[in-house]
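Heads up, the thing below is written out as C-alpha cells.
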2 protein chains.
Amino acid sequence: MNDFSAAIALPAAITTQFKDWEARGFDADRCPMRNILDRIGDKWTMLVLMALAVEPRRFGMLMRVVPDISKRMLTQTLRLLERDGLITRHVFATTPPSVEYRLSPLGCSVLEPLHALAQWAEANFASITFARARYDDGLGRTDP
Amino acid sequence: MNDFSAAIALPAAITTQFKDWEARGFDADRCPMRNILDRIGDKWTMLVLMALAVEPRRFGMLMRVVPDISKRMLTQTLRLLERDGLITRHVFATTPPSVEYRLSPLGCSVLEPLHALAQWAEANFASITFARARYDDGLGRTDP
DNA sequence: CGGCATCCGAATAGATACTG
DNA sequence: CAGTATCTATTCGGATGCCG
C-alpha cells in the first residue's frame with residue numbers, strides 16, 4: 001500500500017495488455033511487443049534507426065556514423081529492418097555502386113514511441129545511476 | 001523526397017537527440033537509452049515488469065505467471081531490476097520464507113513509455129508481418 | 001520457498017579474407 | 001563501394017544440484 005500506490009494509478013490498460021498477452025500464451029511469434037523488442041532491443045538497431053532519422057544515408061556513411069559497428073553487423077541489422085518494412089533500400093547503378101537506406105513511413109512512426117522512451121531514459125538516468133551505486137555499496141537490498 | 005518526407009515531419013528533437021549521443025561518443029555507460037534498452041531489451045525483463053504492473057507478486061508466483069522462465073533467469077532479472085531501482089524486494093520472515101516484489105515509483109513510471117511502444121507494436125504488427133512475408137517471398141527487396 | 005553455484009550447449013557478435 | 005563467407009571468441013541461457 002506504500003510505494004505501490006503509484007502503480008494503481010497507472011492506466012488499467014497495462015494490466016489489460018498483460019492479460020491479453022497471457023491469454024495468447026505469450027507466444028513470441030504472436031506477441032507484437034516481444035517481436036519489436038527482439039528487434040529494437042539488440043545492440044545496433046536503435047542506433048541505426050536514429051542515424052537514419054537524421055537523414056537517408058549510404059552504407060559507408062552508416063559505418064562511419066555508428067560507432068564500432070562491423071560491416072557484418074551493419075548488413076544484418078539493415079536486412080532485418082528492411083525485412084520488417086522499417087527501412088527501404090535504394091540502389092544507384094553508379095560505379096562504384098552506391099546504396100542508400102532511408103526510413104519508411106512505418107520506420108518513421110516507430111520513432112515517436114522510441115523517442116518517448118529515450119526521453120524517459122534521459123530524465124531518469126540519474127535516479128538509476130544513484131540506485132545502482134547504492135545497491136553496489138551493499139545498501140541497496142530493499143528489505144534486508 | 002518520396003517516402004522520407006514523413007521523416008522530416010518528425011520532431012527535430014530526434015535528430016537533436018542522436019547528435020547528442022554522437023557528441024558523447026555513444027558510450028554505452030553514459031548513454032541512457034542504450035542503458036535501458038540493454039535492460040528492457042533482454043528476454044524476460046519486459047514480461048516481469050508487466051507481471052508486476054498487474055500486482056505485487058512473490059517469486060513463486062512470478063515463476064508461474066511468466067511462461068517458461070527458469071529460476072536462474074528470474075533471479076537474475078529481478079536482481080538487475082532491483083539494482084536499477086525499478087522494483088523493490090520485501091522479505092517476510094514466515095516459514096517457509098516468502099519474498100514479494102513490487103514496482104517502485106520509478107518502475108511504474110517507465111511503464112508509460114513502454115505502454116506507448118506496446119500500443120505501436122499492436123497497431124502495426126499486421127504491417128510488419130505483411131512486410132516480412134513479402135520479403136521472404138523474394139519480392140521484398142525494395143529497389144532491386 | 002527462494003534462492004546460489006556450476007556446467008554446458010546454443011546463440012551472438014567480432015575479425016578476417018574474399019568478391020562483383 | 002557494398003557487400004558475402006568463414007572462423008572464432010564471447011555471451012547467454014537452460015539444466016541440474018545444493019542450501020538455509
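Numbers restart at 1 for each chain; the letters A, B, ... are given by sequence-line order, proteins then strands. Only this structure's heavy atoms are used, side chains among them; waters, hydrogens and symmetry mates stay out.
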Roughly, in whole Å, what's the span from CE in A:Met63 to C1' in C:dG14? 12 Å
Does A:Tyr101 have a side-chain nitrogen or oxygen under 4.0 Å from the phosphate oxygens OP1 or OP2 of D:dG3? yes
Would you mind reporting whether B:Arg134 and B:Thr129 have side-chain heavy atoms less than 4.5 Å apart? no
Near-ring test B:Phe130/B:Phe125, centroid separation under 6.0 angstrom: no
A:Phe59 CZ to D:dA2 C1', in whole Å, measures 6 Å
Considering all heavy atoms, the nearest B:Ala118-A:Met33 contact: CA-SD, 3.6 Å
Taken to the nearest whole Å, CZ/A:Phe92 to C1'/C:dG20 is 19 Å
If I take atom CE in residue B:Met61 and atom C1' in nucleotide C:dG2, what distance separates them, rounded to the nearest angstrom? 16 Å
Output the rounded distance in Å from CZ (B:Arg57) to C1' (C:dC1). 17 Å
Can you name the nearest heavy-atom pair linking B:Val54 to A:Phe18, along with the distance? CG2-CD2, 3.8 Å
Residue pairs involving residues 60-77 of chain A (criterion side-chain hydrogen bond (donor to acceptor under 3.5 Å, both in side chains); sequence neighbours excluded): none
After noting the C-alpha distance and the side-chain angles of A:Asp20 and A:Arg24, does the key distance pass the salt bridge (charged side-chain N to carboxylate O under 4.0 Å, His left out) rule? CA-CA 7 Å; A:Asp20 209 49; A:Arg24 295 193 230 174; 3.1 Å; yes
Between C:dT12 (P) and B:Asp42 (CG): distance, integer Å: 13 Å
Rounding to the nearest 10°, end axes of the helix from C:dC1-D:dG20 to C:dG20-D:dC1 built from five pairs each make an angle of 40°
What do the steps show when you test B:Thr45 against B:Asp42 for side chain to side chain donor-acceptor pair (under 3.5 Å), and what is the final call? CA-CA 6 Å; B:Thr45 298; B:Asp42 72 13; 2.7 Å; yes
For the residue pair B:Arg39 and B:Leu80, what are the closest heavy atoms and their distance? NH1-CD1, 3.3 Å
Closest listed nucleotide, where the reference is the side chain of A:Arg58 and the choices are C:dG3, C:dG2, D:dA2: D:dA2
Whole Å only: how far is the NZ atom of B:Lys43 from the C1' atom of C:dA11? 10 Å
Nearest-angstrom distance from the residue atom CG of A:Asp38 to C1' of D:dC12: 14 Å
Checking the side chain of B:Arg57 only, and the main-chain atoms of B:Ala51 only, is there a donor and an acceptor separated by less than 3.5 Å? yes
Identify, residue by residue, the members of residues 65-78 of chain A with a heavy atom below 4.0 Å from DNA chain D, and return them in order of residue number, or none. A:Lys71, A:Arg72, A:Thr75
